[in-house]
Amino acid sequence: PRPLRKRRLEPRQLHPSRAPRLANRPVLSRSGTRGMAPAGAAAAAASEVDVEGGLGQLAAALQQLAPTLAPSAAPGPSIGAASRAIVGQLYQASEKELQELEAGCPQECGICKGARSGAAAWALDWDINTAKRRMAPKRCMLLCSQCSSLRNLPGLIERITMQQVSTDGKDDAAISESLRHFLSMNGHDAADAHFLQDAISVAHAMMVVYKELRLQLVQGPPLPELFGAAPSAKKGAAPSAKKGAAPSAKKGAAPSASKKGAALQPKSAAASSAPTEAAARGAPKGVVKKGKKKKGAGA
């Protein structure tokens with residue numbers, strides 16, 4: 001038998017399954033730098049675009065699971081003393097100013113409107129801009145113990161893990177109370193008990209993505225507005241003073257006193273007043289007085 005000759009395959013005759021691998025390999029450009037093939041560049045661009053879309057889908061899912069009270073997915077400190085320290089650092093506020101702001105807040109929970117027992121827990125809502133890689137505090141609330149424990153995602157995960165591992169059952173009552181509070185605040189019933197675990201999973205996925213973005217902390221609204229002060233008090237007073245006083249002075253007083261009053265005078269009054277003014281200006285004082293006396297005597 002004749003020996004078999006090894007057939008040399010041309011690049012165009014390669015198997016189609018190897019084509020994507022070759023397309024995604026780094027290639028050497030004319031300038032000598034290594035770059036990605038067009039298919040790899042398109043895939044990288046598509047992955048960057050999908051980050052914002054994926055976060056939007058996760059946020060919509062979390063809104064459906066927990067529309068009122070949900071675990072915080074922000075990567076920064078969102079509950080407790082750490083959030084208070086972040087507010088003081090960002091706004092360079094002293095401890096006295098923070099205490100005054102806390103004293104001015106209502107003595108009720110910012111979410112469930114229940115009475116706050118013990119020390120108030122600071123909770124921050126963050127405004128996250130993925131395009132600029134920034135996160136700024138949007139709102140600061142004072143919460144009760146139940147709402148603060150459900151907002152604290154790392155602490156909530158640790159509590160549930162310890163409750164499942166422990167055998168004495170010490171944490172069962174606390175977890176059950178948190179579950180009932182979560183269901184009542186979000187309008188669910190006992191059949192939807194698994195919604196808490198689903199909300200924790202979705203919030204944790206969002207937190208992981210946010211941590212990979214390495215967001216920068218920046219200031220948000222002014223400090224009084226961060227605690228719920230109405231911003232319309234300052235913005236509403238200035239327009240009312242400008243719009244109310246200025247038009248009335250221009251439209252009401254100025255035209256009637258200078259232009260409209262002189263234009264509406266009758267011709268007879270103007271003609272009768274002209275000789276008397278001329279006589280008063282040109283004639284001596286004595287003549288004017290004598291004329292008045294003669295008129296009085298003649299009358």
Side-chain angles (χ1 to χ4, degrees), residues 50-84 105-128 130 135 137-213 215 228:
D50 291 336
V51 171
E52 188 173 358
L55 287 172
Q57 293 179 1
L58 290 174
L62 185 61
Q63 180 68 20
Q64 291 181 358
L65 293 170
T68 304
L69 178 59
S72 177
S78 300
I79 200 73
S83 62
R84 179 171 181 165
C105 293
Q107 298 297 322
E108 60 181 12
C109 178
I111 296 179
C112 67
K113 305 304 178 182
R116 291 188 283 108
S117 60
W122 288 41
L124 288 174
D125 285 341
W126 294 91
D127 184 13
I128 299 177
T130 57
M135 57 181 299
K138 180 173 58 176
R139 183 179 59 166
C140 185
M141 301 176 293
L142 301 182
L143 304 183
C144 62
S145 59
Q146 290 293 337
C147 292
S148 61
S149 63
L150 288 169
R151 291 263 303 181
N152 187 8
L153 180 60
L156 184 59
I157 293 175
E158 184 178 356
R159 288 173 54 203
I160 293 177
T161 304
M162 294 298 295
Q163 185 260 343
Q164 293 178 355
V165 172
S166 64
T167 56
D168 52 3
K170 292 182 179 180
D171 298 331
D172 293 346
I175 295 297
S176 299
E177 185 66 25
S178 298
L179 177 60
R180 285 194 293 268
H181 193 71
F182 173 82
L183 295 176
S184 63
M185 287 303 302
N186 294 303
H188 304 315
D189 52 10
D192 301 327
H194 62 282
F195 280 7
L196 177 59
Q197 186 65 38
D198 296 343
I200 292 173
S201 301
V202 174
H204 185 264
M206 294 178 65
M207 180 180 286
V208 171
V209 176
Y210 283 140
K211 284 184 178 180
E212 292 296 328
L213 294 177
L215 302 170

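None of these values were measured; they are calculated from a predicted model.
- Residues L156 and S149 come closest through the heavy atom pair CB-O, 3.9 Å.
- Scanning all heavy atoms of the two residues, the minimum distance from C147 to C109 falls at SG-SG, 3.7 Å.
- Rounded to the nearest 0.5 angstrom, M141 CE and D125 CG are separated by 4.5 Å.
- A salt bridge does not link D127 with K138: every distance from a Lys NZ or Arg NE/NH1/NH2 to an Asp or Glu carboxylate oxygen is 4.0 Å or more.
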Which side-chain N or O atoms in residues 179-187 pair as donor and acceptor under 3.5 Å with protein atoms at least two apart or in another chain?
from, atom 1, to, atom 2, distance (Å)
R180, NH2, E177, OE1, 2.6
S184, OG, R180, O, 3.1
S184, OG, H181, O, 3.0
N186, OD1, T68, N, 3.0
N186, OD1, L69, N, 3.0
N186, ND2, L69, O, 3.0
N186, ND2, F182, O, 2.9

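- In this structure a side-chain-to-backbone donor-acceptor pair under 3.5 Å is present from S83 to W122.
- Minimum interatomic distance between L65 and A199 (heavy atoms only, all atoms of both residues): CD1-N, 3.7 Å.
- Taken from CD1 in I157 to CE in M162, the straight-line distance is 14.5 Å, to the nearest 0.5 Å.
- Under a 3.5 Å cut-off, the side chain of R116 and the backbone N or O of G110 do not form any donor-acceptor pair.
- For the atom pair CZ of R159 and CD1 of I175, the computed distance is 4.0 Å after rounding to the nearest 0.5 Å.
- Contact annotation: the side chain of I128 approaches that of P75 to within less than 4.5 Å [non-hydrogen atoms, C-beta and beyond].
- Here C144 contributes atom SG and I111 contributes atom CD1; the two are 8.0 Å apart, rounded to the nearest 0.5 Å.
- Heavy-atom contacts from other residues, nucleotides or ligands closer than 6.0 Å to NE2 of H188 number more than 12.
- The two residues A123 and L143 make their nearest non-hydrogen contact at CB-CD1, 3.4 Å.
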Apply side-chain contact (heavy atoms from CB on, under 4.5 Å) to the pair T130 and V209, showing each step before the final yes or no.
CA-CA 10 Å; T130 57; V209 176; over 6 Å; no
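- Nearest heavy atoms, L62 versus P71: CD2-O, 4.2 Å.
- Distance check: Q64 CD to D198 CG gives 11.5 Å after rounding to the nearest 0.5 Å.
- Nearest heavy-atom pair across S72 and L153 is O-CB, 3.6 Å.
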